[in-house]
Amino acid sequence: QLRSTQLVQVYNPVMSEISNKIVLKYLAILPLGGRGGVVRLFMLSQGIRFEETLVPMDQWAATVKKEVTGSDNPAGHLPILYLDDKIMTEHHSIMRYLSRRKGIYGTDVDEDFAVDSVAECTKEWRADWVDFAFKRITPEDYAVKRAHYTNMVEKLLERFQKEGGPFLLGAKHSFADACIASQMRDEALTQLPVQDSTPRMNALWKAYLNLPGAAEWCKEHGSGLPSE
């Protein structure tokens with residue numbers, strides 16, 4: 001059930017290959033993205049039509065978390081994607097499902113492995129960034145963790161990235177690119193410096209946030225690009 005105090009927004013691209021009604025439910029933490037923001041950027045960049053329900057943080061802690069745990073997600077967290085009568089959880093699984101529906105995943109096992117390898121390496125990075133953003137770890141501790149994650153992802157891009165870039169699969173963007181670009185956008189919005197030692201990641205970040213759909217949204221909600 002959608003609560004009347006939750007913010008509902010509609011994103012309606014000109015073209016969408018998935019015609020089902022899609023509702024993304026996440027926390028109202030704009031301009032930051034968080035895990036739900038990864039799914040949002042992915043759908044925007046892929047031209048997927050969706051609505052969004054944003055739950056205020058105080059409401060989440062007071063009542064909605066318990067409601068979600070007892071019904072739509074036993075794990076007790078967001079995002080949740082509602083696709084017609086389907087209830088979908090876990091942000092990587094959601095993007096993998098949508099990628100299959102659009103035919104950009106599941107047709108080349110080597111490309112799929114590269115996408116999965118790079119995307120999975122961002123999960124712990126994002127979890128530690130959340131701890132940093134909500135002041136559960138010190139900036140000094142996060143700096144050490146961040147250096148490890150950025151070095152790891154840059155090396156994986158060196159291994160897997162197709163010639164010419166700027167995305168993991170060359171000119172074709174995937175949910176792995178959404179994971180990286182959204183993470184780097186959130187880091188920019190929390191005043192973390194750009195690293196010259198990650199040129200592949202930096203180029204991917206800029207290119208992804210300038211994709212149609214993502215670019216328009218970012219202009220309205222804080223671009224998260226290094227020039228800002």
Side-chain angles (χ1 to χ4, degrees), residues 24-45 52 54-58 60-61 65 73 75-81 89-96 115-157 167-168 173-209 214 217-218 221-228:
L24 174 65
K25 187 171 188 175
Y26 195 55
L27 302 170
I29 58 172
L30 294 173
L32 298 177
R35 294 176 179 87
V38 185
V39 180
R40 178 194 296 122
L41 273 183
F42 173 76
M43 292 195 292
L44 288 168
S45 70
E52 187 170 65
L54 299 177
V55 182
M57 291 294 289
D58 58 345
W60 170 252
K65 180 177 175 65
N73 186 5
H77 56 241
L78 301 175
I80 297 173
L81 193 81
T89 60
E90 304 304 327
H91 66 298
H92 283 208
S93 298
I94 290 168
M95 292 186 291
R96 191 175 289 110
V115 169
D116 286 336
S117 294
V118 174
E120 288 302 308
C121 285
T122 66
K123 279 188 172 180
E124 290 184 8
W125 183 7
R126 177 156 291 284
D128 283 331
W129 173 82
V130 169
D131 285 342
F132 162 75
F134 286 91
K135 304 185 186 307
R136 294 195 286 260
I137 61 174
T138 67
E140 293 77 17
D141 286 342
Y142 183 65
V144 174
K145 294 174 180 290
R146 184 186 188 222
H148 165 69
Y149 294 129
T150 55
N151 178 66
M152 175 175 59
V153 174
E154 184 73 11
K155 287 186 178 300
L156 286 173
L157 287 175
F167 305 114
L168 173 62
H173 51 94
S174 66
F175 71 84
D177 302 297
C179 291
I180 295 171
S182 183
Q183 178 65 36
M184 297 183 77
R185 176 180 180 271
D186 278 345
E187 297 214 337
L189 292 172
T190 46
Q191 309 304 310
L192 292 166
V194 178
Q195 298 181 107
D196 294 333
S197 61
T198 57
R200 291 176 186 263
M201 288 174 57
N202 293 344
L204 183 156
W205 169 25
K206 295 174 187 177
Y208 199 91
L209 294 193
W217 186 90
C218 287
H221 299 87
S223 76
L225 283 167
S227 59
E228 290 287 300

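One is the number of the first residue; the rest follow in order along the sequence. Only a predicted model underlies this, so the values are computations on that prediction, with no experimental measurement involved.
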### Task
State, without any angle test, whether Q183 and T122 hold a side-chain donor-acceptor pair at a distance under 3.5 Å.
no

#### Entry: Between W129 and T190, a side-chain donor and acceptor under 3.5 Å
yes

#### Entry: Ion pair E187/K145, N-O distance below 4.0 Å
no

If only atom types and distance count, is the side chain of [X] paired as donor or acceptor with the main-chain N or O of [Y] below 3.5 Å?
X: K206; Y: L225; result: no
X: D186; Y: G33; result: yes
X: S45; Y: F42; result: yes
X: R200; Y: V153; result: no
X: N202; Y: D196; result: no
X: Y26; Y: L78; result: no

### Heavy atoms of other groups near E124 CD, more than 12 under 6.0 Å
no

Taking the side chain as every heavy atom from C-beta outward, state whether [X] and [Y] have any pair of such atoms under 4.5 Å apart.
X: R96; Y: V115; result: no
X: T150; Y: W125; result: yes
X: R185; Y: H221; result: yes
X: P139; Y: F132; result: yes
X: W217; Y: R40; result: yes

Going from [atom1] on [X] to [atom2] on [Y], what distance comes out if it is rounded to the nearest 0.5 angstrom?
X: L189; Y: L32; atom1: CG; atom2: CG; answer: 6.0 Å
X: M95; Y: L81; atom1: CE; atom2: CG; answer: 11.0 Å
X: Y142; Y: D131; atom1: OH; atom2: CG; answer: 10.0 Å
X: C179; Y: L204; atom1: SG; atom2: CG; answer: 10.5 Å
X: H77; Y: E90; atom1: NE2; atom2: CD; answer: 3.5 Å
X: R126; Y: S182; atom1: CZ; atom2: OG; answer: 4.5 Å

Can you name the closest pair of heavy atoms from [X] and [Y] and give their distance?
X: V55; Y: K25; value: CG2-CE, 3.8 Å
X: W205; Y: M184; value: CE3-CE, 3.3 Å
X: C121; Y: L156; value: SG-CD1, 3.3 Å
X: L209; Y: C218; value: CD2-SG, 4.1 Å
X: R146; Y: P193; value: NH2-O, 2.8 Å
X: P79; Y: I94; value: O-CD1, 4.4 Å

### Query
In terms of ring plane angle, is the pair F167 and Y208 parallel, tilted or perpendicular, where the classes change at 30° and 60°?
perpendicular

